[in-house]
Each structure stands twice: as C-alpha cells, then as structure tokens.
Number of protein chains: 2
Amino acid sequence: MVDRLREAGKRLTAERRLLFDIVSKNPHLDAAGIYKLALEVNPKIGQATVYRTLNLLAELELVDVSPLGEAHGHYEVRADDHAHLICVECGSVREIPPPDGLRTLEDLEGFEVRRTELELIGLCPACAKKRREKEAPQTGDE
Amino acid sequence: MVDRLREAGKRLTAERRLLFDIVSKNPHLDAAGIYKLALEVNPKIGQATVYRTLNLLAELELVDVSPLGEAHGHYEVRADDHAHLICVECGSVREIPPPDGLRTLEDLEGFEVRRTELELIGLCPACAKKRREKEAPQTGDE
DNA sequence: ATGGCTGCAAACACTTTGCATCGGC
DNA sequence: GCCGATGCAAAGTGTTTGCAGCCAT
C-alpha cells in the first residue's frame, strides 16, 4: 500500500494507514462503520478524511467498493475474486474464496439464493482502446 | 405485474404502470433517469412516487436494484440472471443473457475485465429457517 | 519550508416522510 | 365511500467541498 501511494505521489499519513488497516481487517464495513472504528483509535479523525481516503484507496485500486445487494457500498481490500453470500434478511455477508469456491451448490451450505448478480467491471472495447492510445508506455496509471 | 400487485393487496395506478413500463424498456436507469422519463409522459408525477413505486416493485420482486459497480443503484425488471459488463471509464453497461451467456471469454468481445463481483443474494440458513417458521402456509409475504 | 492532508462545518445530492387531496376498488 | 396512493415540500441521511492550520516529504 505504501508503494502504491508513493507511486501516485500521495503522502503516507497516519490516517491513511489506519483506515487501510481497518478495511483490511474488516472486509464488509461501510463508510460509517469504518469511521466508527477509526474513532476508537484516533478520536479526532473526521468523516471527510474517511470518505476522502476510501475514495483515494479505491482509485489506487487498493480497495474495492462492493455494492452488496440491498445495502450501501461496503469496502474491502482488493484480493482474489470471491463470491459474496448476502442475506437480505439480516444483512450478513459470507465470503466464498474462489479456489475452494463455488464449484457445487452444496458449497452454499444452506444459503437460499434468491437472485444473483454477476458484474464484470472493467473497460469496454472503445474505452480500452482510447486508454491505450492516451497512455504512454510506462508512466500513466490514471 | 398486475397480478403481483393484486396478490399483495396493492392498487394498480397509472403511475405504477408507467414506472414499471419505463423500467422494463430501459434496463439501466437510475431513479433520476426514470423520473425524467416519467415526467415526459406525466408531467406532474412526483419523485416521491418514483421512489415509493420503485421500492414497492423491488419489494414485490418485480424489479431488481442492480448496484452496477461504481455508479449508483440502477433498476431493472426481474429476469433471468444475466451478467453485466460495466465500463469503469464511460459507465456503459452491456448485458449478457445467461443461455448464450458467459461460456467462454470470447463472449466478452473485447471487454477488458478488471475485476468481477459475484453476488448471491438471498437468505442465510438462519434467516431462512426463521422465515419458514414465521410464515403461515399461505398468508404471509412480509 | 512547502504543498498536500486533515478536521471542522457548511453545502450538496439523493431518498424518505407528513399531510391534504385524489382515485382505485 | 373508504382507504390507499399521489403530489408537494420539508426533513433526513450519506457524501463532498471550502478553508485554515498541520505535518509528511
């Protein structure tokens, strides 16, 4: 994470460290939850910092914003793609890592699927092309 | 849709018809976009009605709220599960229906996937059980 | 020492709610 | 005719922004 910040010419502050740390250890918190945990460590951190930092980390692709069905966006550190089992009733989230992952329905272990979302997020052909043109061989990373 | 409303003891109004129709024909609009289209047909429809109706339709499981990566929630009529190709650059959304769907990567036709989200939305075992207990044979549908 | 980052609070955008009226059943 | 649904506008919630001081570089 340090490297990525440096790369992007951003500064490494205690707040950023803290927030990234919280997101790492708590995969499915929303901004409010992250803020709350942050307050316990640094009582005078501001929510603006939380939002700014999460946006920054998302831009640097260090964390992902996971939409999580009904609820609001939650944050988690970028990792191997995995499935989310999201309960519409209690909001609980279970993760299924990909290797041992979703090979059979039995892996769901009693979870009752109502609907699924498969989102492939990236660049459409046109934008991918534009980006390649715009981008110098080594420098650019947004 | 009419039936589902009836079932739930809800009334069939022109506004609900209109909004459902708009969502049907425009799979990836957000609330604001839906409202805008609705205004063209019924200039005095209120946004509150749009929100209330969309929430109602979502509750009746007639439409889904699709989180769509970076953007805000979008609405679409419930249909066969399909994948979304979401461009982070221009925000375009392409749908891939399941039968002809994502069997090979070539189906992506040049889309450059950066990350994927697989969300299985439903009831965790505990809540599924609770719901079965609470639910009378015929009456209850929350 | 400098410019980016932070905290604070105001601004903003989106969604929900209260109430009187309207209209489906 | 009754009770739910609507339209309007105000309230609520979550997120962003402006600015002065602070701190990583």
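All heavy atoms count here, side chains included; hydrogens, waters and symmetry mates do not. Order of the sequence lines fixes the chain letters, A, B, ..., with proteins taken first and strands second; residue numbering starts at 1 for each chain.
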(message) Does this structure show an ion pair linking A:Asp21 with A:Arg17, if we count only N-O contacts that are shorter than 4.0 Å?
(response) no

(request) Indicate yes or no for a side-chain donor-acceptor contact from A:Thr49 to the backbone of A:Ile45 under 3.5 Å, with no hydrogens or angles considered. (result) no

(request) Taking the side chain as every heavy atom from C-beta outward, state whether A:Leu18 and A:Asn42 have any pair of such atoms under 4.5 Å apart. (result) yes

(request) Answer yes or no: is there a side-chain heavy-atom contact under 4.5 Å between B:Val23 and B:Leu29? (result) no

(request) Carefully, step by step, assess B:Glu40 and B:Leu37 under the rule side chain to side chain contact (heavy atoms under 4.5 Å, CB included). (result) CA-CA 5 Å; B:Glu40 291 175 10; B:Leu37 285 189; 4.1 Å; yes

(message) Contact between A:Arg11 and A:Leu5 at the side-chain level, heavy atoms closer than 4.5 Å - yes or no?
(response) no

(message) Rounding to an integer number of Å, can you tell me how far A:Tyr35 OH sits from C:dT6 P?
(response) 14 Å

(message) Strictly under 4.0 angstrom, non-hydrogen atoms only: write out the protein contact profile of nucleotides 18-25 of chain D, one letter per nucleotide from the 5' end, B, S or -.
(response) B-----BS

(request) Give the minimum heavy-atom separation between A:Val63 and A:Leu54, together with the two atoms involved. (result) CG2-O, 4.2 Å

(message) How many whole angstroms separate atom CZ of B:Arg16 from atom C1' of C:dG23?
(response) 12 Å

(message) To the nearest 10°, give me the bend of the helix from C:dA1-D:dT25 to C:dC25-D:dG1, comparing the axes of its five terminal pairs at either end.
(response) 50°

(request) Provide, to the nearest angstrom, the distance between the CD1 atom belonging to A:Ile34 and the P atom belonging to D:dT15. (result) 10 Å

(request) Figure out the OH/C1' separation between A:Tyr51 and C:dA11, and round it to whole Å. (result) 15 Å

(request) Report yes or no: does B:Arg4 contribute a side-chain atom to a donor-acceptor pair with the main-chain N or O of B:Leu60 at less than 3.5 Å? (result) yes

(request) Check the distance between C:dT6's P and A:Leu39's CG and give it to me in whole angstrom. (result) 15 Å

(request) Please confirm whether the backbone N or O of A:Gly33 pairs with a side-chain atom of A:Asp30, one donor and one acceptor, at under 3.5 Å? (result) yes

(request) Write down the distance between CD (A:Glu15) and P (C:dC8), rounded to a whole number of angstrom. (result) 11 Å

(message) How many whole angstroms separate atom CD of A:Gln47 from atom P of C:dA10?
(response) 14 Å

(message) Tell me the interatomic distance from A:Leu54, atom CG, to C:dC5, atom P, rounded to whole angstroms.
(response) 15 Å

(message) Side-chain N or O of B:Asn55 versus OP1/OP2 of C:dT16: is the shortest distance under 4.0 Å?
(response) yes

